[in-house]
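Each remark here refers to the structure printed beneath this line.
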Amino acid sequence: MKFLKLLFFVLIIFTSCDKNAEEIEIINTIQNSSRENFFDIEATKTSDNKRIEQLMYMTSFLIGKVLVENEEARDYFYKHIANPRTTKIELIKVLDGDVIDSNPFEIAFHEQYNMYSFRAPAPPIKVADPDSFRWGGVLNMYYHQYLFEIININRWELYFPNKSSLLDNRQTLTEYFLRNDKIVCLWKINEKFKLYSDGLILNKRDKGEYLPLNFDPSKSLFFMFVLRGKSLN
């Protein structure tokens with residue numbers, strides 16, 4: 001009888017230990033899975049942010065190139081911001097997804113895009129401007145895929161922080177370029193960043209330059225725009 005009691009006690013301990021080991025293994029599996037999922041999510045976020053950064057940079061750059069180089073497109077663009085009370089416009093107001101287009105700004109924008117995209121009908125004309133090492137190279141997307149992302153998926157807008165002091169009743173955008181040869185192209189990925197450390201100063205006669213580290217938009221004497229998400233103030 002004592003032997004049976006002892007055997008029964010040992011079986012209980014063995015079963016309990018085995019159950020605990022199984023529970024520990026399950027907990028470890030869940031924890032490892034959660035950890036892996038966390039890193040997967042973080043890696044995806046990083047990858048998505050890099051992609052958004054590249055798209056925003058190139059979009060800002062291409063808009064600046066159009067405004068600097070094409071007067072007809074510039075005049076079309078100005079009509080959408082001529083009202084003194086207008087400080088921002090949705091990007092879709094000046095760009096649309098029509099295959100056949102009579103919009104001079106979109107036509108000029110498409111032409112600029114073809115100079116930098118490997119998916120254009122011919123190889124890109126320009127691959128070193130903007131800096132391919134800093135920004136990951138030219139875009140490798142078909143134009144209408146790119147256009148759909150920036151105006152339908154991301155729905156970006158353009159904000160004009162110093163428009164009232166340079167344009168409006170003082171001069172049109174074309175008149176501005178008769179007296180000035182620079183435009184500042186900025187982009188802002190989210191509202192956490194209050195300073196603008198990324199962007200370009202484009203010149204009429206050459207490709208331009210990156211913003212200086214101490215750039216202060218409030219002190220700039222040149223017309224500027226900020227490409228940003230619609231949720232920003």
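For Ser60, there are no side-chain hydrogen bond (donor to acceptor under 3.5 Å, both in side chains) partners at least two apart in sequence or on another chain. Residues forming a side-chain contact (heavy atoms from CB on, under 4.5 Å) with Arg85 (at least two apart in sequence, or on another chain): Asn83. Taking Lys93 as the reference, His80, Glu90 meet the side-chain contact (heavy atoms from CB on, under 4.5 Å) condition, with sequence neighbours excluded. Residues satisfying the salt bridge (Lys or Arg N to Asp or Glu O under 4.0 Å) criterion with Asp75, sequence neighbours excluded, are absent altogether. Qualifying side-chain hydrogen bond (donor to acceptor under 3.5 Å, both in side chains) partners for Asp181, counting only residues two or more places apart in sequence or in other chains: Arg205. With sequence neighbours left out, Lys163 forms a salt bridge (Lys or Arg N to Asp or Glu O under 4.0 Å) with Asp168. For Tyr143, the ring-ring contact (aromatic ring centres under 6.0 Å, His included) partners are His110, Tyr113, not counting sequence neighbours. For Asn140, the side-chain contact (heavy atoms from CB on, under 4.5 Å) criterion is met by Phe118, Arg119, not counting sequence neighbours. For Glu69, the salt bridge (Lys or Arg N to Asp or Glu O under 4.0 Å) partners are Lys65, not counting sequence neighbours. Annotation: side-chain contact (heavy atoms from CB on, under 4.5 Å) contacts of Glu111 (sequence neighbours excluded): Ile107. By the ring-ring contact (aromatic ring centres under 6.0 Å, His included) test, Tyr176 is found to be paired with no residue, residues two or more places apart in sequence or in another chain being considered.
Hydrophobic cluster membership for Phe148: Ile153 (Ile, Leu, Val, Met, Phe, Trp, Tyr linked by side-chain heavy atoms under 4.5 Å, directly or transitively).
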CA sep, side-chain torsions, deciding dist, call: Trp156, Ile151, side-chain contact (heavy atoms from CB on, under 4.5 Å): CA-CA 6 Å; Trp156 290 327; Ile151 65 176; over 6 Å; no
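Taking 4.5 Å as the limit, some side-chain heavy atom of Met224 sits within range of a side-chain heavy atom of Pro161. At a threshold of 4.5 Å between non-hydrogen side-chain atoms, the residues Phe215 and Ser220 count as touching. Put simply, the side chain of Phe222 does not reach to within 4.5 Å of the side chain of Leu166, judged on heavy atoms.
Exactly one of Ile89, Val184, Leu158, Asn162 qualifies for a side chain to side chain contact (heavy atoms under 4.5 Å, CB included) with Phe225. That residue is Leu158.
Aromatic ring centres of Phe105 and Tyr76 lie farther apart than the 6.0 Å criterion allows.
The structure places CD1 of Ile150 at 13.5 Å from CZ of Arg155, a figure rounded to the nearest 0.5 Å. How far CZ of Phe61 is from CG of Leu227: 14.0 Å, rounded to the nearest 0.5 Å.
Phe109 and Tyr146 have parallel rings, their planes meeting at less than 30° on a 0 to 90° scale where 60° marks the start of perpendicular.
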